[in-house]
There are 2 protein chains.
Amino acid sequence: MQQQKLATIEDVAAIAGVSIATVSRAINEPTKVADATRRRVNEAVARTGYTTNAMARSLRMRRSNMILILAPDVGDPNFSNILVGLETEASKRGYGVLIGNTQNDPERESDYLRFINSNQADGLILFTGHLPYGVGAGEEGGTRLPPMVAVNEPVTNSAVPYVGVDNFEGARIAAEHLISQGHRRIAFIGHSTTKAVNGLREQGYRAALAGAGLSIDPRLILDGDGTTESGRAATEQMFVRDVLPTAFLCVNDATALGVIISLNARKYDLPREFSVMGFDDISFASFVTPSLTTMKQPRLKIGEEAMDLLLALLAGEQPARTEVLLRSELIVRNSVSRAARE
Amino acid sequence: MQQQKLATIEDVAAIAGVSIATVSRAINEPTKVADATRRRVNEAVARTGYTTNAMARSLRMRRSNMILILAPDVGDPNFSNILVGLETEASKRGYGVLIGNTQNDPERESDYLRFINSNQADGLILFTGHLPYGVGAGEEGGTRLPPMVAVNEPVTNSAVPYVGVDNFEGARIAAEHLISQGHRRIAFIGHSTTKAVNGLREQGYRAALAGAGLSIDPRLILDGDGTTESGRAATEQMFVRDVLPTAFLCVNDATALGVIISLNARKYDLPREFSVMGFDDISFASFVTPSLTTMKQPRLKIGEEAMDLLLALLAGEQPARTEVLLRSELIVRNSVSRAARE
DNA sequence: ATGGATCATGAAAACCTTTACATCTTCGGT
DNA sequence: ACCGAAGATGTAAAGGTTTTCATGATCCAT
């Protein structure tokens with residue numbers, strides 16, 4: 001009683017006076033069917049309100065037109081915007097997106113693989129930075145990975161195609177911006193040996209300084225894991241050591257926020273006394289005081305490109321490149337001013 | 001070559017030396033099968049790595065164990081946390097979640113209904129505040145709506161079950177908090193005749209004032225659509241009119257942010273000269289200066305409850321209530337101080 | 001006319017389950 | 001010793017498509 005028995009392809013066939021095979025063809029390969037018949041079929045479809053049953057179709061075709069998105073944290077500010085891009089492109093191409101929030105729990109990761117195994121999803125988008133636990137287990141011989149594309153973070157030690165921002169280039173542009181404002185003592189907050197993203201951004205920072213003929217003071221490079229708290233802690237540490245920069249280049253906006261909070265608490269007048277830059281342009285970057293000058297990640301584009309690449313993979317194409325790097329954009333706000341001192 | 005022909009129920013049956021019906025039963029209704037057989041089947045399953053093909057299962061059973069989540073804007077700060085709750089509960093119960101970003105586009109809304117029509121999704125979670133375009137079209141007689149639950153915003157003019165925060169009560173608590181700090185001239189920013197949420201929160205504000213024997217000054221109630229810009233504009237308008245409160249109760253955090261930006265720009269010392277409260281506790285509420293005192297929505301809980309309710313509906317149960325209201329929590333930060341003047 | 005393409009269509013298999021119904025065992029009670 | 005009930009298993013249908021292969025029809029070139 002819930003649904004009044006939807007029309008099937010047989011109903012349509014009966015009304016149009018053709019076989020179900022012809023109906024199927026009229027819908028999926030219209031050119032393969034005579035004009036007159038096609039019209040009759042279309043009319044019958046309209047009359048019955050027929051839509052093809054996706055389950056039956058998937059069963060037969062062994063593909064679901066679904067993409068599984070695996071993310072460790074759906075709340076991540078980077079996530080939602082990339083998701084919009086992913087979803088937009090997917091739906092434009094007739095695909096649906098399934099989302100799995102793994103919280104980095106191996107069990108949940110492997111649990112979600114059932115979607116792949118049972119053909120409920122044709123491909124995978126990975127936000128996690130690593131292969132889901134349980135995938136590629138028996139991959140000694142030929143890799144038997146499902147089609148997938150990494151996003152946000154590349155998958156370590158693997159050939160999984162990745163689309164993301166050019167972190168090196170972006171950080172270089174950021175550092176050059178600070179240099180162009182007369183800063184010569186620029187700190188980098190967010191050194192990390194484990195996070196690939198942090199490493200690349202630090203490289204960009206170093207390249208910019210080297211390019212400007214500035215020497216790198218190792219005391220101005222501080223550890224950080226990308227959290228607001230790490231930015232705060234690093235700043236406090238600088239004051240303890242009393243080795244101060246004129247500008248802070250932070251590995252991301254969250255870190256920059258920590259720096260700003262710390263400096264505000266110390267009653268410094270920003271950006272007059274210290275300049276701060278972030279990276280990402282997450283939503284609150286424009287709301288902080290002072291509003292944050294940062295590098296904007298083209299998240300929508302990242303999502304679209306990633307989905308596009310995945311669908312190409314699904315279509316059997318070999319990816320042209322295993323890494324697609326998009327350019328970030330300098331967003332000038334109020335957290336950077338000309339260096340007031342050496 | 002992509003996948004090496006997954007094991008089917010027939011393979012398992014052959015190995016275990018039973019019929020496929022028995023295998024199916026051994027898996028789905030273990031008690032209906034003799035212990036010895038069950039063991040043999042389990043062993044065969046383990047050996048083949050068999051997982052049941054969800055497509056075939058769905059086709060036969062006419063249910064997909066999928067829930068479609070329709071949201072107008074995946075980027076909405078309220079969205080992601082509720083989503084976590086939805087997803088957690090769904091996956092705990094063996095359901096997957098499909099997400100559809102509609103951008104309030106009627107075409108996209110009705111397009112997504114194909115998931116429901118073709119049994120690709122069993123139920124619907126609505127963030128949109130209205131029925132998807134195309135649903136309930138022929139509902140003159142008996143309503144033929146798919147099982148669904150509204151979240152974030154109730155569906156206007158309908159009996160769609162809703163789970164959300166108690167806006168009236170929350171706003172009342174917020175206003176009482178301001179009153180308890182000695183404020184007697186409290187503005188409400190975010191009056192709206194079209195948004196149900198705004199209306200309820202305004203009612204809570206009025207109730208609190210009335211309860212404290214304070215008269216309501218209509219000049220202190222300003223329009224607002226819940227955007228940061230509307231908060232800024234309302235504040236500016238107050239200064240133009242020169243009718244000033246000692247505290248601002250805002251319909252949500254985004255609005256409160258606009259108020260704070262405006263007051264900061266006018267160089268007021270917050271919270272000494274003006275107190276500001278928001279509603280929602282979105283992520284940047286703690287990062288603003290001054291950090292925002294607000295009412296926290298139990299988003300995780302909302303998501304879980306909503307999914308729980310939907311799954312109950314799916315199981316054929318009649319919902320006990322058509323509206324589940326959860327309590328919000330007062331989060332005291334630094335944007336409210338005792339009233340310094342009358 | 002005739003032979004061979006080309007084109008339009010139909011019959012039926014295959015995709016993989018779940019489940020109603022039938023069959024066969026087994027067992028307890030008389 | 002027999003009957004009936006209960007329990008375990010198997011057979012086959014149904015769920016709704018897509019697609020291979022076969023069949024007929026049409027058409028063009030010889």
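Lettering follows sequence order; numbering is per chain, from 1.
- A:Thr37 has a side-chain polar atom (N or O) that falls below the 4.0 Å cut-off from OP1 or OP2 of C:dT9.
- A donor N or O paired with an acceptor N or O is found under 3.5 Å between the base of D:dG10 and the side-chain atoms of B:Arg25.
- Listed nucleotides C:dC16, D:dT9, D:dG10 differ in distance to B:Asn53; the shortest reach to its side chain belongs to C:dC16.
- Residue B:Asn28 has a polar side-chain atom (N or O) positioned under 4.0 Å from OP1 or OP2 of C:dT18.
- Comparing A:Ile20 and A:Asp35 by the nucleotide of DNA chain C that holds the closest heavy atom to each, the one mapping nearer the 5' end is A:Asp35.
- Rounded to an integer number of Å, the gap from B:Asn117 CG to D:dG16 C1' is 15 Å.
- In summary, the side chains of A:Ser64 and A:Asp122 do present a donor paired with an acceptor at a separation below 3.5 Å, with no hydrogens or angles considered.
- To the nearest angstrom, P of D:dG15 lies 9 Å from CD of A:Glu10.
- Taking 4.0 angstrom as the limit, A:Thr52 places none of its side-chain polar atoms (N or O) nearer than this to OP1 or OP2 of D:dG16.
- At whole-Å resolution of the value, CD1 in A:Ile9 and P in C:dA12 are 17 Å apart.
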* Asked: What does nucleotides 22-28 of chain C look like as a protein-contact string, B for base, S for sugar-phosphate only, - for none, at under 4.0 angstrom between heavy atoms?
  -> -------
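- Atom CZ of B:Arg40 is separated from atom P of D:dA8 by 14 Å (rounded to the nearest Å).
- Between B:Asp111 and B:Arg108 no salt bridge is recorded (no basic side-chain N to carboxylate O distance below 4.0 Å).
- In this entry the distance linking CD1 of A:Ile27 with P of D:dG16 reads 15 Å, nearest Å.
- Looking only at side-chain heavy atoms (C-beta outward), B:Val97 and B:Met307 come within less than 4.5 Å of each other.
- Two residues, B:Gly17 and A:Met55, neighbour DNA chain D, and the one matched to the more 5' nucleotide by heavy-atom proximity is B:Gly17.
- For A:Arg62, no side-chain nitrogen or oxygen approaches OP1 or OP2 of C:dC15 to under 4.0 Å.
- Judged purely by atom type and a 3.5 angstrom limit, B:Arg40 uses its side chain to pair as donor or acceptor with the backbone of B:Ala16.
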Distance-only check: which donor-acceptor pairs under 3.5 Å involve side-chain atoms of residues 151-163 of chain B, not counting sequence neighbours?
| residue | atom | partner | partner atom | Å |
| --- | --- | --- | --- | --- |
| B:Ser158 | OG | B:Val155 | O | 3.3 |
| B:Ser158 | OG | B:Val160 | N | 3.2 |
| B:Tyr162 | OH | B:Asn152 | O | 3.4 |

* Start with the C-alpha distance between B:Glu305 and B:Lys301, add both sets of side-chain angles, then the distance that settles salt bridge (charged side-chain N to carboxylate O under 4.0 Å, His left out), and finish with yes or no. => CA-CA 6 Å; B:Glu305 292 267 342; B:Lys301 191 105 202 284; 3.6 Å; yes
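- You'll find that the side chain of B:Ala34 is closest to D:dT9, out of D:dA12, C:dA11, D:dT9.
- Picking from C:dG10, D:dA12, C:dC15 the nucleotide with the shortest atom distance to the side chain of A:Ser19 gives C:dG10.
- A close approach under 4.0 Å does occur between a side-chain nitrogen or oxygen of B:Ser24 and OP1 or OP2 of C:dT18.
- The nearest whole Å value for the distance from the CZ atom in B:Arg39 to the C1' atom in D:dA8 is 15 Å.
- Rounded to a whole Å, the CE atom of A:Met61 is 14 Å from the P atom of C:dC16.
- Inter-residue side-chain proximity for A:Leu6 and A:Asn53 is flagged as unmet; no heavy-atom pair is nearer than 4.5 Å.
- When the side-chain nitrogen and oxygen atoms of A:Arg60 are compared with OP1 and OP2 of C:dA14, none of them lie within a distance under 4.0 Å.
- The listed nucleotides are D:dG16, C:dT18, C:dA11; the one nearest the side chain of A:Thr8 is D:dG16.
- The distance between atom CG of A:Leu6 and atom P of D:dG15, rounded to the nearest whole Å, is 13 Å.
- For the atom pair A:Asp166 CG and A:Arg327 CZ, the distance stands at 9.5 Å (nearest 0.5 Å).
- A close approach under 4.0 Å does occur between a side-chain nitrogen or oxygen of A:Thr22 and OP1 or OP2 of C:dG10.
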